[in-house]
Structure formats: structure tokens, C-alpha cells
Amino acid sequence: MIRLPHKLVALRTAILFLSVYLVSLAVWIPVKDRYGYAITVIASKLAAGLKDARLEEITADKDIIQTTFSPYRKRSGVLVDIPVPVSAYTFNAPLTFGIMAALYPFISRRARAYGEALVMLLFVHFLFVFSLEAKELTQVFMSRGIVALSLPRLMLYQFLWSFVDNMVIRFEPFLIGFYVYVRFGAKGAAEGGPAGRG
């Protein structure tokens, strides 16, 4: 097994990260709005079902997906418009792709590792949209008397949204990278040794 000098390993890793990051950034910018629309459709249907609401409309503008809900049972004429900012939860995706590419020489079972990383990324983005909409629907429905006021339930949704927005989204690339490295790290790969194939 050929062992590469640590400086060469670090340089190779940095070049791999930077290359994939720049390429994925160029590719991601034109497609992120369509991706965000698909995520929003799925998350909105679940939020509507959970909050006993009807999803009336979804419209797409530049970087904003506008969702409109109404109470399902009480046809009170109340419409709840919730703008979902796509860049607020997708801005880290190219960085995540770059980190995952940089980990390539250091992990084994790569197909599974990248598959699980992709599932985690999709889930985090889905959770962002769902928690935002569930929080907004809960606040509006309770303030309009459509559902009974419940402070614990309201605080739960507010906490979930704040945690996802302020913690999970901000650290998403590093959390996913850490998880993949800990779970699939291959000993000896850093020195140039072969990592297992997925």
C-alpha cells in the first residue's frame, strides 16, 4: 500500500472539495427553484393533512414559493399565505456536495454512504418547509379561533421551527459530513490506501 505524504493528502482533499463545490454551485443555482417547488409540494400536503387544512394554491416566484391554505372544516373565508424562501434552506447544498466529495477517499461503502447523505439532505429540507408551515398554520388558526388555543402545542411548533432554522440548516453540511465519516470512515484511506467500494 502506497502511503501519500500528509501535505499531499490535504492538498488533494482541498482541490477535490473546491472543484466539486464550484461545479455544484454553478449547477445548483439554476435548478434550486424547481427543487424547492417539489419539496414544498410534498411538505405542504403533509402540513395540510396534519393541521386539518386545505392546500389551496402553490405559486412560484423567483426564490419564493408561495403556499396558500384554508381551514378544512370551518369554511370561514380565512386564507393563510405562507411564503417559503427557497434559498433559506438550499444555500448550503453545494457546500454539502463539496464536503461529500472531499470525503470520497476516506470512506468505504460509498454507494450507501452517498445514498444516506442524500436522504438526510432531502429530509432536512423537507423538515424546514414543514416546520415553517406547521408553525404558521398553528399560529393563525389559534389566533382566529379556528382551533382551540394550546400554548404547549404552539410552543412545540415554534421550537421545532426555530431549531431547524437556526441550528440544523446552518450546520447541515458538517452534520451530514460528520455522520458519513463516522459511519463509513475507512482506515488507511487517508494515506492513499484503497477504501472499500459501496
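None of these values were measured; they are calculated from a predicted model. Side chains included, hydrogens not; waters and symmetry mates left out as well; all remaining heavy atoms used.
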Item to check | Among Val164, Thr90, Ile39, side-chain contact (heavy atoms from CB on, under 4.5 Å) partner for Phe128 | outcome: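 So, applying the side-chain contact (heavy atoms from CB on, under 4.5 Å) to Phe128 and each of Val164, Thr90, Ile39, only Val164 qualifies.
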Checklist entry - Where do Tyr114 and Ile107 land on the side-chain contact (heavy atoms from CB on, under 4.5 Å) test, with the steps shown first? => result CA-CA 10 Å; Tyr114 288 124; Ile107 59 175; 4.1 Å; yes
Does a side-chain heavy-atom distance below 4.5 Å link [X] with [Y]?
| X | Y | value |
| --- | --- | --- |
| Phe17 | Leu103 | no |
| Phe106 | Thr13 | yes |
| Ile99 | Ile176 | no |
| Glu116 | Val180 | no |
| Thr67 | Thr40 | yes |

Nearest 0.5 Å, what's the [atom1]-[atom2] distance between [X] and [Y]?
| X | Y | atom1 | atom2 | answer |
| --- | --- | --- | --- | --- |
| Glu136 | Trp161 | CD | CH2 | 8.5 Å |
| Leu55 | Leu46 | CG | CG | 11.5 Å |
| Met167 | Leu175 | CE | CG | 8.5 Å |
| Gln158 | Leu151 | CD | CG | 9.0 Å |
| Ile42 | Tyr37 | CD1 | OH | 11.5 Å |
| Ile65 | Asp33 | CD1 | CG | 6.0 Å |

Exercise: identify the closest heavy-atom pair between [X] and [Y]:
| X | Y | value |
| --- | --- | --- |
| Ser108 | Ala113 | O-CB, 4.3 Å |
| Ala47 | Phe130 | CA-CE1, 3.7 Å |
| Ala43 | Val129 | CB-CG1, 3.6 Å |
| Phe141 | Ser70 | CZ-C, 4.2 Å |
| Ala101 | Leu16 | O-CD2, 2.9 Å |
| Glu133 | Ser44 | OE2-OG, 2.7 Å |

Checklist entry - Is Arg183 atom CZ crowded by more than 12 heavy atoms from other residues, nucleotides or ligands, each under 6.0 Å away? => result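 Count over threshold, so yes.
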Under 4.5 Å between side-chain heavy atoms, counting indirect links through other Ile/Leu/Val/Met/Phe/Trp/Tyr residues: same cluster for [X] and [Y] or not?
| X | Y | result |
| --- | --- | --- |
| Tyr21 | Phe178 | no |
| Val147 | Leu149 | yes |
| Val119 | Val124 | no |

Checklist entry - Taking only residues two or more places apart in sequence, or in another chain, which ones meet Phe97 in a ring pair (Phe, Tyr, Trp, His ring centres under 6.0 Å)? => result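 With sequence neighbours excluded, Phe97 shows a ring pair (Phe, Tyr, Trp, His ring centres under 6.0 Å) to Trp28, given in chain and number order.
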Item to check | Test log, rule side-chain contact (heavy atoms from CB on, under 4.5 Å), inputs Leu160 and Lys135 | outcome: CA-CA 8 Å; Leu160 176 63; Lys135 174 187 72 79; over 6 Å; no
Checklist entry - Looking at Tyr104, is Arg110 sitting on its ring face, NZ or CZ under 6.0 Å from the six-membered ring centre and within 45 degrees of the normal? => result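 Yes - Arg110 lies over the ring of Tyr104, closer than 6.0 Å to its centre and within 45° of its axis.
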Checklist entry - Where do Phe174 and Leu95 land on the side-chain contact (heavy atoms from CB on, under 4.5 Å) test, with the steps shown first? => result CA-CA 9 Å; Phe174 310 104; Leu95 180 59; 4.0 Å; yes
Checklist entry - Given Asp61 and Gln66, is the side-chain contact (heavy atoms from CB on, under 4.5 Å) satisfied, shown in steps? => result CA-CA 8 Å; Asp61 199 357; Gln66 178 94 355; over 6 Å; no
[X] side-chain N/O to [Y] backbone N/O, donor-acceptor pair under 3.5 Å:
| X | Y | result |
| --- | --- | --- |
| Thr138 | Leu154 | no |
| Thr68 | Val80 | no |
| Asn166 | Ser162 | yes |
| Tyr89 | Val84 | no |
| Arg170 | Asp165 | yes |
| Asn92 | Ile169 | yes |

Checklist entry - Partners of Asp63 by salt bridge (charged side-chain N to carboxylate O under 4.0 Å, His left out), sequence neighbours excluded? => result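 Asp63 satisfies salt bridge (charged side-chain N to carboxylate O under 4.0 Å, His left out) with Lys32 only.
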